[in-house]
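Below, all heavy atoms of this structure are taken into account, side chains as well, without hydrogens, waters or symmetry copies. It should be emphasised that the depicted structure is a prediction, and the values quoted were computed from it without experimental measurement. Each chain gets a letter, A, B and so on, in the order its sequence line appears, and its residues count up from 1.
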Amino acid sequence: MSELLNFNYPPEPATDRVTLFADVILPLPLPKLYTYRIPFEMNDEVMVGVRVIVQFGGKRVLSCIVADIHENAPADYQAKYILDVLDDKPIVTAPQLKLFKWIADYYMCTLGEVINAALPAALKLSSESRIQLHPHYNPEEDELILAAQEEKIIFALQNNQALTFTEVSTLLQGKPYHKYIKSLIQKEAIIIFEQVSEKFSPKVVKKVRLTEHFVQEEGMLEELFNQLTPQPKQLDVLLNYLQLVPVHQDIHLNYKGIEKGALVNNPHLSASSINTLIKKGVLEQFDQVVSRFPMDKEPQQLPMALSEHQLQAKDEILGLFKEKDTVLLHGVTGSGKTEVYIDLIKHALEGGGQVLYLLPEIALTAQIVTRLMKVFGDKLGVYHSKFSDNERAEVWQGILAGRFQVVVGVRSSVFLPFHDLSLVIIDEEHEASYKQYDPAPRYNARETALVMANLQGTKTLLGSATPSIESYYNCKTGRWGLVSMTKRFGQAQLPEIELINVRDEQHRKNMHSHFSGKLLGAIEARLQRNEQVILFQNRRGYAPFISCDECSWIPKCKFCAVSLSYHKYNNELRCHYCGYHERMPHDCPACGATSLKSMGFGTEKVEDELKLMLPNAEVQRMDLDTTKKKNSYQQIISDFESGRTNVLVGTQMVTKGLDFENVSLVGILNADTIINFPDYRAHERAYQLFVQVSGRAGRKSKPGAVLIQTRDPKQPIFTKVSNNDYQSLYDHEIEERLRFGYPPFTRMIRLTVKHNDEPTAENAAIVLAKDLTDRLGKPQVLGPEVPYIFKIRNLFLQEIHIKLPRETTNLKAAKHQVAQAVFNLRLLPDFKSVRVVVDVDPM
DNA sequence: AGCACGCCGACT
DNA sequence: GTCGGCGTGCTC
């Protein structure tokens with residue numbers, strides 16, 4: 001159109017070009033956006049959502065996201081120019097930017113922090129300082145007086161174009177190098193420059209094919225044969241190539257060629273004869289960018305018939321979606337919720353669009369991915385923390401390009417660039433791990449996903465066997481729809497739960513260390529029947545602390561107000577809060593006695609003792625310490641699945657998503673620490689935990705048993721777990737929440753004041769609490785109080801809780817008041833260095 | 001978050 | 001006398 005109109009006119013004069021400015025989101029915790037000027041020649045390239053490179057400060061060069069484009073020149077400062085544009089189309093979509101703004105607002109953090117958490121590291125880029133020889137300096141001729149270390153650096157620079165500081169450090173074997181660099185700059189021997197590097201590198205395979213010359217004309221191949229006959233090795237390569245790529249049948253096959261590796265896989269073909277052929281111009285080598293996620297997986301449309309109950313649930317959900325945006329699927333463990341999800345995803349995809357399937361980290365296992373892969377093939381994207389940066393970036397780009405229609409992922413997948421969502425599924429919606437605790441953004445992926453669905457006009461299905469009180473309340477009030485599945489799939493029955501009174505067993509001398517005779521007997525019985533056992537202990541390490549028998553000395557962390565846990569496998573005392581560790585002392589540093597005893601017990605001790613008591617059992621432990629390595633988690637699972645191990649001992653990790661046919665017994669070693677946690681959610685969490693672990697017992701036809709060791713079997717929670725009576729848990733909890741003003745009747749904000757000086761932390765917290773009380777009213781502000789663990793990483797902590805009544809509070813205004821109070825606090829000279837962490841909806 | 005500027009201790 | 005510690009403030 002414009003071309004036609006312009007046809008008769010001279011080109012527009014340069015002075016008429018508009019001067020545009022871009023507000024960018026820097027990946028830093030800065031409270032506002034920064035405005036840069038767009039160079040004229042980039043006017044068309046700069047768009048909202050693309051990455052641009054800018055200089056920030058005197059030295060740093062950063063990539064950031066364009067959030068807005070306008071013509072308003074900043075009045076009080078000179079805007080710097082955008083240096084470069086990295087993308088030809090937005091990598092952050094408009095709905096995403098909206099969502100990011102919501103996250104920053106709601107969770108009281110900066111947009112930069114959100115962007116930082118959202119973008120896979122491979123899509124961020126930063127500058128790195130490098131040094132190179134000064135253009136006017138010639139080491140051969142100019143004679144400078146250089147220190148030995150400086151000589152070394154100059155010598156290295158003569159052989160390399162440039163060096164990073166890290167490389168200089170290695171060159172000087174880690175000795176301080178800054179002063180040499182400084183001195184070399186002064187002597188004008190080197191200069192520093194910044195280099196921006198794109199981190200994402202596509203995966204490339206080396207391929208070979210026949211040069212065009214030999215395929216274009218008839219008879220060329222035969223001639224080639226004759227020519228190569230004296231070199232049998234090269235002839236073999238050619239024959240092998242033609243066998244794998246039948247060019248004589250279809251010339252076009254040659255274009256795609258074959259992976260160089262595939263051609264050498266034949267043992268008597270060597271890379272050198274291939275290389276000779278390349279040199280001769282018979283073959284040519286080329287690179288091809290390939291996906292890290294193989295594309296050739298066709299969905300296998302397995303005939304997957306839903307059971308009657310599943311069908312019914314599905315129909316109910318679809319029915320409710322007609323009037324509600326959100327539905328909660330409350331299905332007992334083993335009721336087959338996953339099949340219902342899969343069916344609904346298929347249904348949603350028929351109408352086009354994308355589906356997000358959220359799972360907590362520990363429930364996103366290879367088991368579920370394989371299952372989904374079978375149904376959705378290469379349309380499925382997986383987003384997991386164990387993935388490399390490049391893999392994450394590829395999922396991101398794949399969603400933008402429309403390659404992935406279904407994404408199964410963890411918490412951070414709510415940041416992915418969906419632009420056309422048609423369904424969101426949040427499985428295990430009660431899971432606390434959907435909430436990010438540190439660092440900011442302290443967001444809850446469940447709430448965020450709900451907002452995202454809302455922004456994109458999409459339905460959301462939440463699922464759980466043990467819904468959070470808040471979610472169930474939403475159903476009760478009619479805001480959400482509720483669908484229940486009360487039957488286990490197939491003939492599977494809910495397990496029988498039995499309580500073991502540890503106090504009684506102790507009196508009867510029936511305890512063998514931390515195992516009751518009953519539990520040991522039950523384990524042995526399963527082993528004899530060749531069945532498997534899962535044991536749950538909610539504490540890793542060998543013992544939570546050790547103590548001297550003579551003087552009662554207990555080793556504490558130097559930096560945190562906690563005792564050090566004993567880890568036997570590396571004979572270490574370790575702090576679970578800051579990671580500090582030291583060797584286990586041989587004798588008591590306080591009194592010299594050699595009677596250090598471990599107190600309490602963790603998974604490591606359970607594993608250790610069980611191996612002693614049941615020498616025939618193959619025991620494996622699964623906790624943070626045994627699953628740190630990349631594939632160790634998978635290894636443990638597959639060992640258990642194949643029956644190589646009989647008993648699996650673990651923390652939270654064993655409670656989720658694992659379906660093992662052969663597990664007929666689940667043991668909970670110490671139920672009391674879970675129930676008696678000082679927190680308003682303790683009972684809810686205990687119930688969820690017990691029901692989830694119990695759900696691991698007895699799938700398919702074998703009835704399972706659950707043995708719970710406790711000192712307080714009268715706890716009403718056990719009856720509720722035994723009877724699978726969620727309703728009564730809910731009724732009890734919701735009443736307490738109402739009475740004491742907890743969520744869902746209030747919204748909570750937790751402020752943590754931190755300072756390395758204890759009185760400063762305390763005084764700051766008092767001042768802050770006072771200001772908050774003035775702003776929000778007395779009953780809304782609780783504290784300050786010293787948390788149970790009052791010092792972490794050498795910072796003293798104080799906590800203030802704010803409870804905002806849900807019905808009557810203007811949330812936005814209240815949060816503004818909170819932000820003001822925090823801001824004002826840090827204006828006071830005494831509290832300049834006080835840190836305040838704001839956590840909205842803490843868990 | 002970096003990085004620069006600025007004001008007080010232990011060292012060539 | 002200086003090098004260097006980290007406390008404070010700024011970055012379009």
*Report yes if a donor N or O on one partner sits less than 3.5 Å from an acceptor N or O on the other, where the partners are the side chain of Y77(A) and the base of dC12(C); otherwise report no.*
yes

_Atom-to-atom span, CD1 of I25(A) to P of dC12(C) - whole angstrom_ = 17 Å

*Check against salt bridge (Lys or Arg N to Asp or Glu O under 4.0 Å), D23(A) and K32(A)*: CA-CA 9 Å; D23(A) 294 344; K32(A) 56 196 177 76; over 6 Å; no

*Check the distance between dC12(C)'s C1' and D76(A)'s CG and give it to me in whole angstrom.*
10 Å

_Nearest-angstrom distance from the residue atom CD1 of I53(A) to P of dT11(C)_ = 22 Å

*Would you say dT8(C) has OP1 or OP2 under 4.0 Å from some side-chain N or O of K832(A)?*
no

*Find the distance F831(A):CZ to dG9(C):P and express it as a whole number of Å.*
16 Å

_Interatomic distance where NZ belongs to K80(A) and C1' belongs to dT11(C) [whole Å]_ = 7 Å

*Over how many whole Å does the gap from R826(A) atom CZ to dC10(C) atom C1' extend?*
14 Å

_L30(A) side-chain proximity, nearest of dC12(C), dA1(B), dT8(C)_ = dA1(B)

*At under 4.0 Å between heavy atoms, what does P29(A) touch on the DNA or RNA strands: base, sugar-phosphate, or nothing?*
base

*For S833(A), answer base if it contacts any base atom (sugar-phosphate contacts may also be present), sugar-phosphate if it contacts only those atoms, and nothing otherwise; contact means non-hydrogen atoms under 4.0 Å.*
sugar-phosphate

*asked:* As a quick check of understanding, evaluate ring-ring contact (aromatic ring centres under 6.0 Å, His included) for F21(A) and Y36(A), giving each step before the final call.
replied: CA-CA 6 Å; F21(A) 294 89; Y36(A) 284 84; over 10 Å; no

*What integer distance in Å separates L62(A):CG from dC12(C):P?*
10 Å

*Which word best sums up how the rings of F796(A) and F790(A) line up, parallel for under 30°, tilted for 30 to 60°, or perpendicular for over 60°?*
parallel

Table please: side-chain donor-acceptor pairs of residues 815-823 of chain A below 3.5 Å, with sequence neighbours left out.
residue, atom, partner, partner atom, Å
K815(A), NZ, Y106(A), O, 2.9
Q817(A), OE1, R775(A), NH1, 2.8

_Nearest-Å distance for atom pair CG/C1', residues D68(A) and dC12(C)_ = 14 Å

